[in-house]
Amino acid sequence: MSDIYDKIMDLVRRRGFIWPASECYGSVAGFIDYGPLGSMMKRRIEDTWREFYVVREGYYEIECPTIGQEDVFIASGHVKGFSDKMCQCPHCKEYLRADHIAEGKGVQGASTMSAGELASVLCTLPCPACEEVLGEVEVFHFNLMFQTSIGPGSQRKGYLRPETAQGMFTDFQRLLRFYRDSLPFGAVQIGKSYRNEISPRQGMIRLREFTQAEAEIFVHPQEKNHPFFPRYAEYRMPLLGIAQQQENTPAIETTMHEAVESGLVANQYVAYYLALTHHLLVTIGVNPQKLRFRQHLPDERAHYAEDCWDAEIFSERFGWVETVGIADRTDYDLLAHEKQSGERFAVFIPYETPRRERRVRVIANMGALGPRFRGKAKSVADALAEAVPGPDGITLRIDGEEVFISPDLYQVKEEEIEIPGEEITPHVIEPSYGIDRMIYAVLEHSYAEEMVNEEERRVLRLPPRIAPIQVAVFPLMNRDGLPEIATDLATRLKAKGIMAEYDDSGAIGRRYRRQDEVGTPFAVTVDYETPESGTVTLRDRDSMQQVRVRADTLPELLRSLVEGSTTFASLSPV
RNA sequence: GCAUCGAUGGUCUAGUGGCAUGACUUAGGCCUUCCAAGCCUAUAGCCCGGGUUCAAUUCCCGGUCGAUGCACCA
């Protein structure tokens, strides 16, 4: 067994956190099953995410189909941008972008050629890698989206979504109405996304089917101050900006307030979600020493993005892994869907006081223009409105002909009109989380081995709110009525919504170790004092310390321990 | 996808052209008054498909999965 990754993957397989999918048929790379404890842990992480984004921020959750029709992904750019024409050099086996080779040799319009055309162009060209003439090569499309078809017969093309974000964009108009036509507002989605990775080789880090939690926050383009910014204004965390990367200097430890003031972070919204993300990741058990926020360099940032940061988590196995992306995507997505769908994706913003504007209006005398110009009357009227003629008539060029329009054919009115507001396309702030990567990071960061009485103790130091099982209940001895009392206690805890597990198999020490390995934060033992005094021992996973507490206070006590409003160290024995 | 290497109970592992080792785990029992103790018993395995052979877990071919390097990574 070499490194921590192997140890963790061994543990999560054995103890029912994560399994290879459809193992009995031989599994396929890039697909995993979450087992009993893994599903529980994943749900608790998702629920913590919901607590931050839905409950606290007030961005409601929506749920959209995982299959989308082609138009959606034409607009998003995934049909085009996610697909490349590729070929393989028959000599050196190098994978190559077919259009790039042709363009490199001066072939015009290579990027718009069909695969067949490209193949015929390529057969006389040399491979840029090994210089051999390519000869007959097959040019194929590779798109990272899984394609499917919708309905029988002449089917519509469908794609499994490569990200959850598009649902929030396609629902934009409905969401806008839901939030009663005012900015800012946001919607979130937690769900599966699919990318047909060429070779997913990094276990849980690179999956073909994975869970994303994304928020799309729609804001006024000129108002990027977050209404709750003070909440994180003094939040201090390390930021690795573009300058620090280029100059190879360490991350700057700074408050969000300073980061925005100094221009390191583009605006309050981005800074706010950087801090919130840091807060959230640490809450679920990511080690803050192994967490950094790195700004995208200009050449890796999408051209439309105003600012973009990745939360990167350090893994002993994989190095710095990008786990969360936080971007100011401006109006790119909404405008793209506007163009593709022909619908309007804008918000009407009323002015505080309606603006009054003087405007000159030309009213054409259609009764006179009609008979005079017949078919051209409409063009003349339009030209007049554009030209704004004076009181003496005007000469206009209509369809290549000079035409004099005498003043009796129109009236010029100067008037004051009221403009109540304007339509704007909101900008989008997008925090996007890779849930599976977060789960892996938490597992890796919470895994520990230590020697206790010359025995190795493996323990997952999961935060109590994330641990799949919250409390274990044991009878000290498997007789003398203790099992009955313990079973009853476990049932009472479960009735209060606490995930409790009863275990009476083997020595007490073994049972503690079993729970340590799956991260159960607390264990309650019913012993010979329990029948007499109604007290039990409560054991803390991390310190292995025990205190004696009244059994009837356990539901309340455990709830506050799991929530974190009480710490074990603060408990005093009864 | 290419190249190299690997795959034996749940886990780690020995070994083999002819009954497949051992340890741990798990389950049941005995014992045990708080951190993987001990004893007895039980469950459970040669990655999948094809070929060679009287006989294949073992040899050969193909595949799957994993590790490593290369390529790919919106």
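Every chain is numbered from 1, with letters handed out A, B, ... down the list of sequences.
One P atom belongs to B/A27, the other to B/U43, and the distance between them is 16 Å to the nearest Å. When the P atom is compared between B/G1 and B/G62, the two are found 15 Å apart, to the nearest whole Å. B/C34 and B/A7: their P atoms are spaced 46 Å apart (whole Å). Atom C1' of B/G50 sits at a distance of 31 Å from the matching atom of B/C12, rounded to the whole Å. Distance noted for atom C1' between B/C73 and B/A20: 44 Å (whole Å). Nucleotides B/G29 and B/G15 have their P atoms positioned 38 Å apart, rounded to a whole Å. Taking atom P on both nucleotides, B/C47 is separated from B/U16 by 16 Å, rounded to a whole Å. Nucleotides B/A44 and B/G63 place their P atoms 34 Å apart, quoted to the nearest Å.
We find that A/Lys290 and A/Glu444 are not joined by a salt bridge, their nearest charged nitrogen and carboxylate oxygen being 4.0 Å or further apart.
Judged purely by atom type and a 3.5 angstrom limit, A/Ser533 has no side-chain atom pairing as donor or acceptor with the backbone of A/Thr530.
Side chain of A/Ala29, nearest nucleotide from B/U33, B/C34, B/C65: B/C65. The nucleotide whose nearest atom lies closest to any side-chain atom of A/Arg206 is, among B/U32, B/C65, B/C72, B/C72. Side-chain proximity of A/Arg458 to the nucleotides B/A36, B/C65, B/G28 is greatest for B/A36. Counting only heavy atoms from C-beta on, A/Asn453 has its side chain closest to B/C35 among B/C34, B/C35, B/U32. Minimum atom distance to the side chain of A/Met477 is reached by B/U32, of the listed B/A37, B/U32, B/U11.
With 3.5 Å as the limit, one finds no donor-acceptor pair spanning the side chains of A/Glu306 and A/Thr330. Side-chain contact, A/Asp480 with A/Tyr528: a donor N or O sits under 3.5 Å from an acceptor N or O.
Within 4.0 Å of A/Gln546, counting heavy atoms only, lies at least one base atom of the nucleic acid. Among the protein residues, A/Arg479 comes within range of the nucleic acid bases, having at least one heavy atom under 4.0 Å from a base atom. A/Glu456 comes within 4.0 angstrom of a base, heavy atoms only. Residue A/Ser27 is in sugar-phosphate contact alone, with no base atom involved, counting any heavy-atom pair closer than 4.0 Å across all strands shown. Residue contacts for A/Arg15: at a heavy-atom cut-off of 4.0 Å it reaches no nucleic acid atom on any strand shown.
Rounded to whole angstrom, the span from the CG atom of A/Asp10 across to the C1' atom of B/A67 amounts to 16 Å. A/Asp480 places its CG atom 11 Å from the P atom of B/C31, with the value rounded to the nearest Å. Between the CG atom of A/Asp504 and the P atom of B/C30 there is a distance of 12 Å, rounded to whole Å. Spacing between atom OH of A/Tyr512 and atom P of B/A36 amounts to 11 Å, rounded to whole angstrom units. When rounded to the nearest whole Å, the span between CZ of A/Arg14 and P of B/G10 equals 13 Å. Here B/C12 presents its P atom at 7 Å from CZ of A/Arg13, a figure rounded to the nearest Å. Note: OH (A/Tyr5) to P (B/G66) measures 8 Å, nearest angstrom. Put simply, CD on A/Glu449 is 17 Å from P on B/A36, counting in whole angstrom units.
Between B/A36 and A/Arg514, no contact under 4.0 Å exists linking OP1 or OP2 to a side-chain N or O. Of the side-chain N and O atoms in A/Ser505, none sit less than 4.0 angstrom from OP1 or OP2 of B/U26. When the side-chain nitrogen and oxygen atoms of A/Arg548 are compared with OP1 and OP2 of B/C34, none of them lie within a distance under 4.0 Å.
Between the side chain of A/Arg510 and the base of B/C35 there is no donor-acceptor pair of N/O atoms closer than 3.5 Å. If you check distances only, the side chain of A/Arg511 never reaches the base of B/C35 with a donor-acceptor pair under 3.5 Å. Judged by distance alone with a 3.5 Å cut-off, no donor-acceptor contact links the side chain of A/Glu197 to the base of B/C73. Judged by distance alone, with hydrogens and angles left aside, A/Tyr25 brings no side-chain donor or acceptor close enough to the base of B/C48 to form a pair under 3.5 Å.
Under the 4.5 Å side-chain criterion, counting only non-hydrogen atoms from C-beta, A/Ser27 is not in contact with A/Trp19.
Contact record, A/Arg461 with A/Ala448: NE-CB, 4.1 Å, taken as the closest heavy-atom pair. Closest heavy-atom contact between A/Ala311 and A/Phe293: CB-CE2, 3.5 Å. Contact detail for A/Leu462 and A/Gly519: the closest heavy-atom pair is CD1-CA, 4.2 Å.
When the options A/Gln515, A/Arg511, A/Arg510, A/Arg514 are evaluated for a side-chain hydrogen bond (donor to acceptor under 3.5 Å, both in side chains) with A/Asp503, the one that passes is A/Arg514. A side-chain contact (heavy atoms from CB on, under 4.5 Å) with A/Pro431 is found for exactly one of A/Ile217, A/Val188, A/Leu280, namely A/Ile217. Among A/Phe522, A/Tyr502, A/Tyr512, the one residue that satisfies the ring pair (Phe, Tyr, Trp, His ring centres under 6.0 Å) test with A/Phe474 is A/Tyr512.
For the pair A/Met544 and A/Gly203, nearest-nucleotide mapping onto RNA chain B gives the more 5' position to A/Met544.
Checking B/C54 for Watson-Crick or G-U wobble geometry (two distances, each under 3.5 Å) identifies B/G18 as its partner. Across all strands shown, B/A7 forms a Watson-Crick or G-U wobble pair with B/U64, both key distances being under 3.5 Å. Base-pair partner of B/A42: B/U26 (Watson-Crick or G-U wobble, both distances under 3.5 Å). B/C70 is paired with B/G1 under the criterion used here, namely a Watson-Crick or G-U wobble arrangement in which both key atom distances are under 3.5 Å.
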Exercise for the section: If a protein heavy atom is under 4.0 Å from the base, mark B; if only from the sugar-phosphate, S; if neither, -; do that for nucleotides 40-45 of chain B going 5' to 3'. Expected result: ------
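A glycosidic torsion no more than 90° from 0 defines the syn conformation; B/C39 lies beyond that range and is anti.
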